[in-house]
Amino acid sequence: MPEYFEEKEAEEEEHLPELDVDTVVMRLAPYPSGPLHIGNARMVILNDEYVKRHDGKLILFYDDTIGSDKKKPLNVAYDLIKEGLEWLGVEWHETYYKSERMELYYEYGEKLIEMGEAYVCECSAEELRGFREKGKECQHRSRTVKENLSLWDSMLKGSFDEGGAVVRIKTDMQYPDPAFRDRVLFRISNNPHPKVGNKYRVWPLLEFSWAIDDHLLGMTHILRGKDLMMEDKMEEYIWNLFGWDGPEFLHYGMLRLKEFRLSKSDFQQKLKLGELNGWDDPRTWTLQSLKRRGIKPEAVREFILGFGMSLSDIEVPASKLYAKNRELIDDEANRYHFVPDPVEVKLEGEIKGEFTELPSHPDHPERGYRKLKTTNRVYIPRKDWQDFQKKEVRLKNFCNIYLDGKKGQIIGTENKDIRKIHWLCEGLGCSVELTDGSIDEGIVEKNIQEAKEKDIVQFERYGFVKLLETKPEVYAVFGHR
RNA sequence: GCUCCCGUAGUGUAGUCCGGCCAAUCAUUUUGGCCUCUCGAGCCAAAAACCCGGGUUCGAAUCCCGGCGGGAGCACCA
């Protein structure tokens, strides 16, 4: 099977621009508010891919600052993220946590204040926004270094309430890009942190902590979405102040899955409310959920790599991912009959034999055949039962019938060139969990108990599913058609 | 409103930096046909694109200017 993947990959043209360097040091910076989902996969895979191609070093750096009320770090997320990375085949060499490096950020923050490049600001968020829009300096900006240092000390000691003071960098309030004007470097939060509890109340913001760490850890390239381009400029600004040479930036455009728009934090919310069954609920599109649906990590990787490093903002249908996955699983997935929402039809006419045989896989007769019992009571999907009323249809590998209400007149057994439907005369109860969280109930052939749990199989004319349980009844998760 | 980014077939993508080999690549999609006792897979064929307008040039998808369209940022989120 690995050979099969290699062949496929060789065919695949990949268009990642080459880096003109010997080796690279790069980082993955997930925020632990939930497991990785398909929307995070681009960041992960691109970084991993570049590092592998250049035989470099990849650092897993949990970006676990305190976040916001809407976006809180979550203890279970650390492991869920790791689990997702391992599943994707990402190889990283070192692991760091922002929450363990707070003293470092304080140290460099203080340096910036000493240098007169940062100041403590007591404006409210609204005031700050107003001044930023107008391009005006607030009254706190002109404080002396000494004042600032003392106020910084008060911040650390806890003399300010949440929202009471922030540390801002001095750029230029006239700077053309309003987003860049005197950005906040540190702020106060009383929220407890899953790893360090209430030990710290003053937390750095993304661009500052990265400006420090990207330099300290010797990053050569920062690969991030183009939504973070402004953060590049901020990091560069800070490196300049310290006289550091910074890594190079690489960007990719915004990728959206057509059928998926929510964020990790949204799911955290829904999970609490019981609207979702878990972090691997198909509606979350987490890596865990994809695994559960029988999506192969290789399919995800190829899917992502197919977009290259394009800076265009794109919206892609999930069918594109499914197409990749189908290429990978069609060959291995054995076939079974599953009749959702079964309707019983009474056959009229002679039935020859008690069984019929069907290949486990049409392209692989060597895998053997499965037997299906044939009686005069047959179950077919309600959809087919409706569609083929007053029509002739073939029960695959069994017989041709003329369907009239709940009766089926047998009119032969030869393989005629008419539409074929799947059917069952007996079966096991089977539930299939769909992508929208609903369940298809039906019956499946008993032969499925030969399959192993976690196997990916195809329910003929229905789709590829992953078997979660086969005994006593069958529980499967729908992958795709 | 301000700043930045992007704009090639239905959807993505290659080509854009270093203009000609691009009457534009590949995948997917759709439609035919073949094959197959699945509306799966496979094989063959076809459909289908350089946002618009100027300019530079012998020559522009590629360079310049101007529009238009889409996205992101302007959070004490990441």
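Keep in mind it's a predicted model, so treat the numbers as computed, not measured. Throughout, a chain's letter reflects where its sequence line sits, starting with A, and its residues are numbered from 1. Side chains included, hydrogens not; waters and symmetry mates left out as well; all remaining heavy atoms used.
Of the N and O atoms on the side chains of A:Asp182 and A:Tyr119, at least one donor lies less than 3.5 Å from an acceptor on the other residue.
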Heavy-atom contacts, protein to nucleotides 30-37 of chain B, under 4.0 Å, summarised as B (base), S (sugar-phosphate only) or - (none) per nt, yield -------B
Return the polar atom pairs (N/O with N/O) between nucleotides 62-70 of chain B and the protein under 3.5 Å, or none.
| from | atom 1 | to | atom 2 | distance (Å) |
| --- | --- | --- | --- | --- |
| B:rG70 | N2 | A:Asp313 | OD2 | 3.3 |

Any protein N or O atoms within reach of nucleotides 44-48 of chain B? Criterion: under 3.5 Å, listing atom names and distances.
none

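Here A:Asp313 does not pair with A:Arg256 in a salt bridge; the nearest charged N to carboxylate O distance is not below 4.0 Å.
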Which dot-bracket string describes RNA chain B (Watson-Crick N1-N3 plus N6-O4 or O6-N4, or G-U N1-O2 and O6-N3, all under 3.5 Å; [ ] crossing; | other strand)? (((((((..(((.......[.....)))((((((.......))))))...(((((..]....))))))))))))....
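Across residues 162-172 of chain A, A:Gly163, A:Val166 each have a non-hydrogen atom less than 4.0 Å from an atom of RNA chain B (numbered order).
Every residue two or more places apart in sequence or in another chain that forms a salt bridge (charged side-chain N to carboxylate O under 4.0 Å, His left out) with A:Glu315 is listed here: A:Arg261. By the salt bridge (charged side-chain N to carboxylate O under 4.0 Å, His left out) test, A:Asp341 pairs with A:Arg382, sequence neighbours left out. Partners of A:Arg183 according to the side-chain hydrogen bond (donor to acceptor under 3.5 Å, both in side chains) rule, which considers only residues two or more places apart in sequence or in another chain, are A:Glu207. The salt bridge (charged side-chain N to carboxylate O under 4.0 Å, His left out) check on A:Arg201 picks up nothing, with sequence neighbours excluded. With sequence neighbours excluded, no residue forms a side-chain hydrogen bond (donor to acceptor under 3.5 Å, both in side chains) with A:His337. A search for side-chain hydrogen bond (donor to acceptor under 3.5 Å, both in side chains) contacts involving A:Asp153 returns A:Lys157, not counting sequence neighbours. Residues passing the salt bridge (charged side-chain N to carboxylate O under 4.0 Å, His left out) test with A:Lys134: none are found, sequence neighbours excluded.
Checked by distance alone, A:Arg335 brings a side-chain donor or acceptor within 3.5 Å of a matching partner on the base of B:rG40.
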